[in-house]
Amino acid sequence: MGPGREGPTPSRRSRDRESAVILGIETSCDETAAALCSGDGHIASSVVSSQADLHARFGGVVPEVASRRHLELIAPVLREALAEAGATLDDVDRIAVTQGPGLIGALLVGLAAAKAVAWSRRLPLVPVDHLDGHVASLYLQPEPVDPPFICLLASGGHTMLLRVRAHAEHELLGTTLDDAAGEAFDKGARLLGLGYPGGREIDRLAREGDPTAFAFPVARVPGLDFSFSGLKTALLYAVRRLAPSELERRRADLAASYQQAIVRALAGRVGEAVEQTGLEQVAVVGGVAANSKLRESLPGAALAPLALCTDNAAMIASAARFVEPLPYPAYLGLDAYASR
Ligand code: KG4
Ligand code: ZN
């Protein structure tokens with residue numbers, strides 16, 4: 001099957017919506033990811049190649065370094081996703097790719113790869129918003145969550161409360177006025193001299209600390225919005241007040257107290273959103289949804305499985321299940337976007 005072939009193969013045409021095979025691609029930040037999912041939400045394979053180690057020595061993601069690494073990894077990651085599912089491109093019915101928001105150079109690598117694969121097979125393509133992708137991590141098997149629900153989306157770039165009305169329809173109830181929750185974890189970790197990405201490090205160290213040792217503030221902003229920049233400054237001052245040896249001794253207490261403040265802010269807002277909307281079902285997605293304290297503090301909530309909290313391509317393929325794809329060649333002119 002070369003680029004000259006027109007139209008889908010008969011087997012492809014006969015595959016219904018449920019059994020359609022979707023190849024998802026995600027490269028918005030520092031994870032190069034590809035996954036194969038079926039139209040009914042079963043994950044056949046999900047490969048995530050994290051560049052975290054590469055960026056760790058810089059204490060955060062360096063955009064140019066990320067783009068170059070995506071370029072090296074995208075073909076092997078795609079091959080691995082197909083191999084893990086025991087599939088070839090002949091089995092794929094549709095391509096789904098993150099179009100934004102994210103690092104523009106990083107996004108372009110995934111988008112160009114997706115266009116190239118889709119073009120070579122005359123396949124339809126679905127451009128996916130990364131945040132819709134995070135929400136769609138809840139729609140995957142074996143325990144899909146059905147709308148309506150209140151969704152807390154907390155990642156490195158975003159912190160939002162959404163009212164999800166249908167699979168591809170949601171309304172923004174609140175967002176952060178400054179830093180995202182994941183960003184607060186990452187910046188806090190840097191102040192504490194911990195590694196990158198910081199959320200996981202704080203989560204780990206906090207287990208050995210006392211969450212009541214330091215009284216960090218939970219910002220009071222109007223409505224259902226969030227603010228984390230004051231908290232970060234409070235941690236900075238607390239760290240500065242301690243002598244180096246004392247800081248070493250109190251590091252776990254600082255991590256536990258800081259984490260507690262972030263989790264309180266998030267869980268508190270979720271409670272208020274439930275009260276205001278009357279919706280009882282709550283779900284949590286995004287990298288920060290991996291936080292053990294946050295998971296503990298929302299016992300009734302549907303929590304995205306750990307492997308699907310941080311960036312992955314299965315969630316991108318999942319989001320594409322609920323959107324009409326663009327037929328060949330309508331998608332060839334698509335551009336990536338850095339912010340919504
Ligand atoms: O969703 P994600 O992989 O990427 C973005 O879309 O931003 O989220 C990454 C963020 C990082 O800020 C990272 O520190 C945070 O998720 N994170 C955590 C944990 N694991 C990852 N934050 C708190 N606790 C964790 N266990
Ligand atoms: Zn993300």
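Throughout, numbering of the chain's residues begins at 1 and tracks the sequence. Remember, it's 1-based here, ligands and their atoms both numbered in the order they're listed.
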- Does an N or O anywhere in P197 fall below 3.5 Å from an N or O of ligand 1? no
- Counting backbone and side chain alike, does H130 bring an N/O/S atom below 2.8 Å of the Zn ion (ligand 2)? yes
- Item | Distance-only N or O hit between ligand 1 and G286, under 3.5 Å | no
- Query: Backbone N or O of D253 within a donor-acceptor pair of the S257 side chain at under 3.5 Å?
  - Reply: yes
- Which is it for D311 and ligand 1 at heavy atoms under 4.0 Å: side chain, backbone, both or neither? both
- More than 12 heavy atoms of other residues, nucleotides or ligands under 6.0 Å from CZ of R251: is that the case? yes
- Going by atom types only, do Q141 and D40 share a side-chain donor-acceptor pair under 3.5 Å? no
- Do any of the N, O or S atoms of H158 sit under 2.8 Å from the Zn ion (ligand 2)? no
- Salt-bridged, R68 to E72, with N to O below 4.0 Å? no
- Query: Is the backbone N or O of G174 less than 3.5 Å from a side-chain atom of D225, with the two atoms forming a donor-acceptor pair by type?
  - Reply: no
- Message: Please list the nearest protein heavy atom to atom 20 (N) of ligand 1 with its residue and the distance rounded to 0.1 Å.
- Response: G287 O, 3.5 Å
- Message: Test your reading of the structure: does S292 have an N or O sitting under 3.5 Å from an N or O of ligand 1?
- Response: no
- Item | Heteroatom proximity flag, T310 to ligand 1, N/O under 3.5 Å | no
- Task: Pick one of side chain, backbone, both or neither for how H130 approaches ligand 1, counting any non-hydrogen atom pair under 4.0 Å.
- Result: side chain
- Ring centres under 6.0 angstrom apart (Y139, H167): yes
- Query: Is there at least one pair of N or O atoms, one from G199 and one from ligand 1, spaced under 3.5 Å apart?
  - Reply: yes
- Quick one: look at H158 and ligand 1, take heavy-atom pairs under 4.0 Å, and tell me if it's side chain, backbone, both or neither. neither
- Query: ligand 1 versus D203, non-hydrogen atoms closer than 4.0 Å: side chain, backbone, both, neither?
  - Reply: side chain
- Message: Nearest 0.5 Å, please: how far is CD1 in I74 from CD1 in I25?
- Response: 5.5 Å
- Message: Below 30° counts as parallel, above 60° as perpendicular, anything between as tilted: where do the rings of H134 and H130 land?
- Response: perpendicular
